[in-house]
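To start, the structure under review is shown below, and the notes come after it.
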Amino acid sequence: MRLLGKLGLAAVACLLWANVAAADTTVKWLHIEANPAQVKIWEEVARVYEASHPGVKVEMQFLENEAYKAKLPTILQSKDRPNIIYSWAGGVLKTQIEAGVLDDITDQVKGYSDSLTPAALAAFTSNGRVYGLPIALSQVGFLCNKELMAKAKVDPAGIKTWDDLLAAVKTLKAAGVTPIVVGGADKWPLHFYWTHLAVRIGGKAAFDAALRGDNGGFAAETFQKSGELFKQLVDLQPFQNGFLGFKNPQAVGYFGDGKAAMTLAISTVYHLQRALAADKVGLSEDKICWFDFPVVAGGKGAPTDTLGGITGWLITKGSPKEAVDFLKYFVSKDVQTRLAAGNFIIPVVQGADAGLNNSFMKLIAANLAKSNYHQNFYDQSLGPSVGRVVNDVTAEIAGGSMSPQDAAKAIEAAWKQGN
């Protein structure tokens with residue numbers, strides 16, 4: 001009996017120790033989400049997870065988009081690095097894998113990963129190994145203000161070609177309406193034009209050929225022409241005054257304030273503009289319209305080809321197993337359905353799209369479903385060093401300090417140097 005008593009006390013001691021140890025498990029989650037309504041849901045999900053996993057604490061940390069990009073390489077070298085980090089996949093992810101700062105989570109997500117959209121999961125997979133989980137798909141296109149378009153008698157549904165867009169810009173300007181707002185200081189919003197034009201002009205074949213270095217690589221005719229067409233737009237002075245000094249959140253807020261007719265943006269801006277508008281109300285659903293990026297005469301890309309993101313989360317090296325467990329819970333059908341119902345995401349978990357209850361989000365989901373070529377953002381797809389050059393030269397074309405030909409050559413030189 002005395003022996004059993006000793007064993008019992010030992011067992012109790014072990015349980016107490018286990019609980020103390022478990023209480024020390026903190027999952028640090030670094031995100032860039034600027035929309036408080038979405039973050040509120042994330043926080044609620046984290047608290048529910050904690051309640052069902054005693055001893056585990058999920059600690060959310062925020063960094064603004066541009067600061068995140070600039071500081072992440074240093075953050076990843078820190079011993080105190082976060083366990084879950086935001087990712088746009090692409091070449092930046094490849095660089096992080098090569099640097100050895102991420103955990104291979106293939107075995108931990110086996111079975112569970114079957115519930116994810118294959119193309120979305122593939123973006124976070126390298127050489128058959130999984131390094132992260134996707135959370136959402138997005139499309140780049142033109143969000144527009146119905147009232148300002150009507151004021152200038154421009155029908156957004158009639159903007160089908162690049163020439164149609166140029167004509168609309170001229171008409172809007174003549175009516176005293178700022179045609180387009182863009183966050184030029186961040187540069188990447190400007191690269192949407194050059195990139196999307198390349199998608200329309202050359203399609204997937206041109207991008208794949210450039211990666212191989214065929215026909216001059218990124219200095220080939222497709223990419224020079226995309227710069228030339230972008231310059232056609234720039235020469236019309238379509239953007240708000242001082243556009244090169246606007247950060248993206250400022251530009252999104254400007255659109256939400258009803259000060260510009262259009263913005264070429266990621267589909268998530270549909271919701272974000274409300275949070276960043278001066279009155280925190282922004283444009284209501286009945287005042288917003290959308291049209292896909294125009295086609296280019298003679299272009300080889302299909303009108304259904306899309307540009308956008310496949311975003312998700314990565315697990316950093318040496319993270320506790322609870323980090324992956326929480327991530328699987330966060331990217332679950334229930335949570336994705338809830339986020340879809342709030343019009344925050346186009347979900348990646350099979351069946352979660354049933355939560356979509358908004359005509360705009362359903363439209364984007366349908367566009368992505370029929371797209372046979374979804375091009376990830378060039379500044380992510382091509383890796384950090386080449387991506388910076390893409391953004392820099394696009395901003396220089398917009399500012400009038402670089403020719404389209406020199407811009408294409410600079411991107412090709414950067415790609416050659418890094419590959």
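Predicted model, so just to flag it, every value in this text is computed and none were measured.
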Whether Phe207 and Tyr378 hold their rings parallel, tilted or perpendicular, with breakpoints at 30° and 60°: tilted

The side chain to side chain contact (heavy atoms under 4.5 Å, CB included) partner of Glu33 among Thr268, Asn65, Val39 is Val39

Side chain of Glu322, backbone of Thr25: donor and acceptor closer than 3.5 Å? no

Relative to each other, are the rings of Tyr329 and Phe326 parallel, tilted or perpendicular (30° and 60° limits)? tilted

Main-chain N/O of Thr311 paired to Tyr86 side chain as donor or acceptor, under 3.5 Å: no

When you check the gap from the basic side-chain N to the acidic O, do Lys110 and Asp107 get nearer than 4.0 Å? yes

So Trp313 and Trp42, would you call those rings parallel, tilted or perpendicular, with 30° and 60° as cut-offs? perpendicular

Okay, side chain of Thr263, backbone of Ala265: is any donor-acceptor separation there less than 3.5 Å? no

Does the Thr195 side chain pair with the main chain of Phe192, one donor and one acceptor, at a distance under 3.5 Å? no

Could you tell me whether Asp353 and Lys362 make a salt bridge, using a distance below 4.0 angstrom between a side-chain N and a carboxylate O? no

Donor-acceptor side-chain pairing of Thr394 and Asn391 below 3.5 angstrom: no

Compare every heavy atom of Gly258 with every heavy atom of Leu148, then report the nearest pair and how far apart it is. CD1-O, 3.5 Å

Provide the full list of salt bridge (Lys or Arg N to Asp or Glu O under 4.0 Å) pairs with a residue in residues 166-192, sequence neighbours left out, each pair given once. Asp186-Lys247, Lys187-Asp392

When you measure from the side chain of Arg81 to the backbone of Lys317, do you find a donor-acceptor pair of N or O atoms at a distance under 3.5 Å? yes

Nearest heavy-atom pair of Gly309 and Asn376: which atoms, and what distance? CA-OD1, 4.0 Å

Restricting to non-hydrogen atoms, name the atom on Thr125 and the atom on Gly128 that form the minimum distance, rounded to 0.1 Å. CG2-C, 3.8 Å

Please verify the inter-ring angle class for Phe293 with Phe142; under 30° counts as parallel, over 60° as perpendicular, anything in between as tilted. parallel

Thr171 side chain vs Ala167 backbone, donor-acceptor pair below 3.5 Å: yes

Suppose the criterion is disulfide bond (SG atoms under 2.5 Å apart): which pairs have a residue in residues 258-368, not counting sequence neighbours? Cys144-Cys289

Ignoring hydrogens, what is the shortest heavy-atom contact between Ile180 and Val169? Give both atom names and the distance. CD1-CG2, 4.3 Å

With a 3.5 Å distance limit and no angle check, can you tell me whether Gln336 reaches the backbone of Val348 through a side-chain donor-acceptor pair? yes

Quick one, Asp80 with Lys28, criterion salt bridge (charged side-chain N to carboxylate O under 4.0 Å, His left out). Give me CA distance, side-chain angles, the key distance, then yes/no. CA-CA 9 Å; Asp80 193 35; Lys28 296 176 183 174; 2.3 Å; yes

Taking NZ, NE, NH1 and NH2 as the nitrogens, is one of them in Arg212 or Asp208 under 4.0 Å from a carboxylate oxygen of the other? no

Under the side chain to side chain contact (heavy atoms under 4.5 Å, CB included) test against Pro404, which residue among Glu228, Lys409, Gln232 passes? Glu228

Closest heavy-atom pair and its distance - Val130, Asp104: O-OD1, 3.5 Å

Taking NZ, NE, NH1 and NH2 as the nitrogens, is one of them in Lys71 or Glu66 under 4.0 Å from a carboxylate oxygen of the other? no

Any side-chain to backbone donor/acceptor pair from Lys94 onto Ser126? Under 3.5 Å, distance only. no

Tyr49 and His53 aromatic centres sub-6.0 Å: yes

Are Arg47 and Glu43 close enough for a salt bridge, meaning some N to O gap below 4.0 Å? no

Assess Lys69 against Trp88: is NZ or CZ under 6.0 Å from the centre of the six-membered ring, and within 45 degrees of the ring's axis? yes

Do Tyr193 and Phe230 make the cut of ring centroids closer than 6.0 angstrom? yes

